[in-house]
Amino acid sequence: MIKYLVLAMRTPVWSDDVIEPHRQWLASVRDAGQLDCTGRFPDGSGGAYVVLAENLDAARELVFTDPIHTSGASELTIYEWEITG
C-alpha cells in the first residue's frame, strides 16, 4: 500500500453540518485499515489526512466519497507521500 496525503481546504459553501458525516466516513476508512492519520488546521481553513491505497486512482476513488467532498464543502487535493525520518 502507498500513502497518500489528502489536503482538504474549505470552500465558501462550507457547513458544520458535514462534520459528523465526515467523522463517520473517516472512522469507516480507519476500520477498513486505510487511514493512517488525520488532523485539522488551527486557523479553520481545513485539514489533512493520510490514506493507504494501491495506487493514485484507488486513492482518488476512496477519497472522493468523503462527505466533505461530495457536499462541495471542501476541495480535496491528493499527493503520493513518501515519509522520511
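- Applying the ring pair (Phe, Tyr, Trp, His ring centres under 6.0 Å) definition to pairs two or more places apart or across chains, those involving residues 31-50 are W25-Y49.
- Atom CD1 of residue I78 and atom CG of residue L62 lie 8.5 Å apart, to the nearest 0.5 angstrom.
- Between T11 and G72 the shortest heavy-atom distance is OG1-O, 2.6 Å.
- No continuous path of ILVMFWY side-chain contacts below 4.5 Å connects L26 to W81, so the two sit in separate hydrophobic clusters.
- Among all heavy-atom pairs drawn from G33 and L52, the shortest one is O-CD1, 3.5 Å.
- For D36, the salt bridge (Lys or Arg N to Asp or Glu O under 4.0 Å) partners two or more places apart in sequence, or in a different chain, are K3.
- Judged as a side chain to side chain donor-acceptor pair (under 3.5 Å), not a single pair has a partner in residues 69-79 (not counting sequence neighbours).
- With sequence neighbours excluded, the residues satisfying side-chain hydrogen bond (donor to acceptor under 3.5 Å, both in side chains) with S45 are D43.
- To the nearest 0.5 angstrom, H22 atom NE2 is 10.5 Å from E20 atom CD.
- Transitive grouping of hydrophobic side chains (ILVMFWY, heavy atoms separated by less than 4.5 Å) keeps I68 and V13 in distinct clusters.
- With sequence neighbours excluded, the residues satisfying side-chain hydrogen bond (donor to acceptor under 3.5 Å, both in side chains) with D16 are W14.
- R30 meets the salt bridge (Lys or Arg N to Asp or Glu O under 4.0 Å) test with no other residue; sequence neighbours excluded.
- Note that the CG atom of L76 and the CZ atom of R60 stand 12.0 Å from one another [nearest 0.5 Å].
- Contact record, V18 with P67: CG2-O, 3.4 Å, taken as the closest heavy-atom pair.
- Nearest heavy-atom pair, L35 versus V50, reported as atom, atom and distance to 0.1 Å: CD1-O, 3.4 Å.
- Residues I2 and E80 form a side-chain contact, since some pair of their non-hydrogen atoms from C-beta on lies under 4.5 Å apart.
- The closest side-chain heavy-atom distance from E61 to D57 is not below 4.5 Å.
- A pairwise comparison of heavy atoms in N55 and Y4 identifies C-OH, 3.0 Å as the closest pair.
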